[in-house]
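First the structure, in the form of structure tokens, and then the observations on it.
Values below: all heavy atoms of this structure, side chains included; hydrogens, waters and symmetry mates excluded. Lettering of chains follows the sequences in order, A, B, ..., and the numbering in each one begins at 1.
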Amino acid sequence: MSLRLYNTLTRQKEPFQPIDPDNVRMYVCGPTVYDFAHIGNARPVIVFDVLFRLLREIYGAQHVTYVRNITDVDDKINARAAERYPDLAPEVGIRKLTEETAAQFHKDIAALGVLPPTVEPRATEHIVEMVQLCDQLVAKGHAYVAADHVLFDVSSMADYGKLSNRSLEEMEAGSRVEVAPYKKGPMDFVLWKPSKPGEPAWPSPAGIATAGRPGWHIECSAMAGKHLGDVFDIHGGGIDLTFPHHENEIAQSRCAHGTDVMARVWMHNGFLQVEGEKMSKSLGNFITIRQLLDEGWPGEVLRFNMLRTHYRQPIDWTKKSLEQSQAILTSWYPFAALETLPPSFRVQPIIDALGDDLNTPLALAELHKLDKADDHLALGWALNFLGFSGETLKAREAAQLAEAHTIADKVEPLIAARLEARKRKDFTESDRIRDELAAMGVTLKDTKNRDTGEIETTWELQR
RNA sequence: GGCCACGUGGCGGAGUGGUGACGCAGCGGACUGCAAAUCCGCGUACCCCGGUUCAAUUCCGGGCGUGGCCUCCA
């Protein structure tokens, strides 16, 4: 089994070689918890869940460590908490907001059929590690203290900018931001900053007397380092995080630990558009996972829709493609209920497709083949492997059945009447009844009983 | 302005230096009183212009278009 992954660092697909096959380690940037997760947030969650499943398949479930963090300290969080809970003490409001948002996030993604990560660390539980990193960086001459801030000195790192493929000169030339006066270099970034009253505050590193709080990137360096070590295998996230977030994570971690790399492979998922337009609050097309679920789309349909496009390609998220995804999944899901298969059972073409840089569209094409070949056992395995247990669709069908049950007393006599009309060849009447039922959302199917030759009618409620 | 990615039939979407998967939709047929469902069959595509090559959709260059990053963002 060969696994090849596209590495942003080298801009090419490379054979994947774990540092330690007994413990393959992956870190993925999780949400900053201040608002509902939108459908774009769902993409890395789903994509790297597939990779997690594939790694578990290849190296064994207990030999993969997947860390996806929750960032619960951030300016946006502070602002939102103050806005939503103006009457609460800041730290209480912030805690309330982050707890609620994190719980909501878990609820939303649970519907997407993702496995829980091995570790889900929180930034606020790693402040000590962040302070340590700051101290190390200052001690090694990669960071300096100015105006109660700790700043990373990008000029101290020879290949800063390697991940995003840009030189310091280019970045400075293209810079649109005003440079804080206390910075030595315009691209230097904040590792630690002083807290204003009402902001979360912790004892500062580097001998700074004022209490402070971490900058944006340091939390991932701290959590990745603590749970995965100085150098690990895979680091993932959205493509927009390449710069500055991941670039700065690399700078912090490598310089603090004195290593050549932080993670060997850097993976970035592409962006998502909605009905051909950029998703933005101003356009009013900002779609949350919760909205889609509330509209009645099963979570597995969202997952399927996401995987129909390769993870590095842009997705145009449309209602039409969701409908198509639902139609396909619905036709397959009766096979998702797995009969007990021997643990060694696997469908190699699916694994091979995923092994080529997570080629999920090709894997789904393989599913179509299995379906066509009526290989339901393999189809069921593959669906399950890809995270489609059929649970949400089954729940939906159960709800439909329950609803159908409530109107059965009205529907059954009409169907009987229609069959009578058909026997008399009174097709005007039978079609009228069918239209009447259709208006109630009831769809009919006539089938001929093989044994008796009688016409029998089944019905179901459309959503 | 700088850097980067992408551009395949009506839609979604693989793949390849030499007959262009697959799915959805569409069309035709079977079945049906008619539908629905099911089954069988079918069509049309590689953004444009150059270059390399016996041969390019595939490689190279330029252009156009879309998107991303350069500032918070998956």
Side-chain angles (χ1 to χ4, degrees), chain A residues 6 8 11 28-32 34-35 37-48 74-77 79 161 163-167 169-178 187 189 216 236-247 268-273 276-281 286 289 304-318 320-328 331-332 353 356 359-369 371-372 421-428 430-431 434-435 437-438 442-448 455 457-460 462:
Chain A
Y6 182 89
T8 306
R11 268 158 279 277
V28 173
C29 289
T32 299
Y34 71 102
D35 204 351
H38 58 66
I39 189 64
N41 295 310
R43 194 168 189 189
V45 171
I46 293 170
V47 162
F48 291 105
D74 177 88
D75 288 348
K76 290 191 294 293
I77 293 173
L163 180 73
S164 50
N165 191 33
R166 52 189 101 190
S167 67
E169 296 78 59
E170 280 169 8
M171 285 188 266
E172 288 172 18
S175 178
R176 287 194 250 144
V177 255
E178 212 174 307
M187 297 309 294
F189 58 92
W216 174 31
I239 194 169
D240 57 314
L241 294 179
T242 311
F243 189 90
H245 186 56
H246 290 161
E247 196 72 73
H268 293 97
N269 62 270
F271 254 50
L272 182 146
Q273 287 183 275
E277 286 189 312
K278 182 175 173 169
M279 184 165 67
S280 74
K281 282 179 177 163
F286 208 83
I289 300 172
F304 190 89
N305 201 238
M306 203 66 89
L307 297 181
R308 285 209 299 156
T309 301
H310 182 86
Y311 78 94
R312 284 191 282 121
Q313 294 284 107
I315 292 186
D316 187 14
W317 191 268
T318 64
K320 189 177 170 185
S321 68
L322 274 173
E323 282 165 354
Q324 195 176 322
S325 293
Q326 174 147 312
I328 298 167
S331 74
W332 285 348
D356 182 12
N359 193 336
T360 52
L362 190 59
L364 295 180
E366 294 294 339
L367 262 66
H368 280 291
K369 274 192 204 163
D371 180 33
K372 198 154 194 171
R422 290 194 50 182
K423 273 189 190 156
R424 314 192 290 271
K425 302 228 189 289
D426 183 353
F427 298 120
T428 313
S430 85
D431 288 353
R434 185 168 62 200
D435 290 345
L437 287 165
V442 172
T443 311
L444 302 183
K445 266 186 221 175
D446 293 335
T447 49
K448 196 175 265 185
I455 297 292
T457 300
T458 58
W459 63 284
E460 63 179 27
Q462 294 293 330

Is it the case that [N] (base atoms only) and [X] (side chain only) share a donor and an acceptor within less than 3.5 Å, ignoring hydrogens and angles?
X      : N     : answer
A/R312 : B/C6  : no
A/D316 : B/G12 : no
A/R43  : B/A74 : no

What's the gap between [N] and [M] when it is taken at their [atom1] atoms, as a whole Å value?
N     : M     : atom1 : value
B/U53 : B/U58 : P     : 16 Å
B/G43 : B/C24 : C1'   : 15 Å
B/A36 : B/C31 : C1'   : 12 Å
B/A45 : B/C22 : P     : 16 Å
B/C46 : B/G50 : P     : 16 Å
B/G68 : B/G26 : C1'   : 35 Å
B/U8  : B/G20 : C1'   : 9 Å
B/A14 : B/C59 : P     : 16 Å

Between A/Q273 (side chain only) and A/D316 (backbone N and O only), is there a donor and an acceptor less than 3.5 Å apart?
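No, because the side chain of A/Q273 does not come within donor-acceptor range (under 3.5 Å) of the backbone of A/D316.
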When you measure from the side chain of [X], which nucleotide among [options] comes out closest?
X      : options             : result
A/F427 : B/A74, B/G33, B/C4  : B/G33
A/H38  : B/C24, B/A74, B/A37 : B/A74
A/R422 : B/G67, B/G33, B/A37 : B/G33
A/H368 : B/C3, B/A35, B/G23  : B/G23

Short side-chain N/O contact from A/K372 to OP1 or OP2 of B/G23, under 4.0 Å
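So the side-chain polar atoms of A/K372 do come within 4.0 Å of the phosphate oxygens OP1 or OP2 of B/G23, strictly under.
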Determine: side-chain N/O of A/K278 to OP1/OP2 of B/G68, distance under 4.0 Å, yes or no.
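Yes, within the criterion.
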So, taking the atom named CG in A/L307 and the one named CZ in A/R43, what distance separates them when rounded to the nearest 0.5 Å?
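Result: 9.5 Å between the selected atoms.
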With rounding to the nearest 0.5 angstrom, report the CG to OH distance, A/D74 to A/Y34.
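Here the rounded value is 8.0 Å.
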Protein-nucleotide distance ([X], atom [atom1]; [N], atom [atom2]), rounded to Å:
X      : N     : atom1 : atom2 : value
A/H268 : B/C3  : NE2   : C1'   : 15 Å
A/D75  : B/U71 : CG    : C1'   : 13 Å
A/I455 : B/A36 : CD1   : C1'   : 13 Å
A/I328 : B/G13 : CD1   : P     : 12 Å
A/D240 : B/A5  : CG    : C1'   : 14 Å
A/W317 : B/G12 : CH2   : C1'   : 13 Å
A/R424 : B/G33 : CZ    : C1'   : 14 Å
A/L322 : B/G12 : CG    : P     : 14 Å

Any heavy-atom pair between the side chains of [Y] and [X] that's under 4.5 Å?
X      : Y      : result
A/F271 : A/I239 : yes
A/K425 : A/F427 : yes
A/L444 : A/T458 : no
A/H368 : A/W332 : yes
A/T360 : A/M306 : no

With a 4.0 Å cut-off on heavy atoms, is [X] in touch with a base, just the backbone sugar-phosphate, or nothing at all?
X      : value
A/F243 : sugar-phosphate
A/G238 : sugar-phosphate
A/D431 : base
A/E323 : nothing
A/R434 : base
A/I39  : nothing
A/K425 : nothing

[N] pairs with, by Watson-Crick or G-U criteria that keep both distances under 3.5 Å:
N     : result
B/C54 : B/G18
B/C6  : B/G65
B/A30 : B/U38
B/G1  : B/C70

Between A/H38 and A/W317 (judged by ring centroids, cut-off 6.0 Å), do the two rings come close enough to count as a pair?
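No; A/W317 has its ring centre 6.0 Å or more from that of A/H38.
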Between A/A327 and A/S430, whichever has its closest RNA chain B nucleotide further toward 5' is A/A327
Name the residue closer to the 5' end of RNA chain B, choosing between A/T242 and A/Q324 according to the nucleotide with the nearest heavy atom.
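Its nearest nucleotide lies further toward 5', so the answer is A/Q324.
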Check this for me, if you would: do A/E366 and A/K369 make a salt bridge, where the nitrogen-to-carboxylate-oxygen distance has to be below 4.0 angstrom?
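Salt bridge present between A/E366 and A/K369.
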Output yes when A/D446 and A/R422 qualify as a salt bridge under the 4.0 Å nitrogen-oxygen rule, no when they do not.
yes
Step by step, would you call A/I315 with A/R308 a side-chain contact (heavy atoms from CB on, under 4.5 Å)?
CA-CA 9 Å; A/I315 292 186; A/R308 285 209 299 156; over 6 Å; no
Over 60° means perpendicular and under 30° means parallel, so tell me whether A/H246 and A/H268 are parallel, tilted or perpendicular.
tilted
Look for any protein N or O under 3.5 Å of an N or O in nucleotides 14-16 of chain B and output each such pair with its distance, or none.
{"unit_1": "B/A14", "atom_1": "O3'", "unit_2": "A/N359", "atom_2": "ND2", "d": "3.0"}
{"unit_1": "B/G15", "atom_1": "OP1", "unit_2": "A/N359", "atom_2": "ND2", "d": "2.8"}

What N/O pairs connect the protein and nucleotides 57-59 of chain B at under 3.5 Å? Give each pair on its own line.
none

Within the stacking criterion (centroid distance below 5.5 Å, interplanar angle below 30°), does A/F271 stack on B/A74?
yes
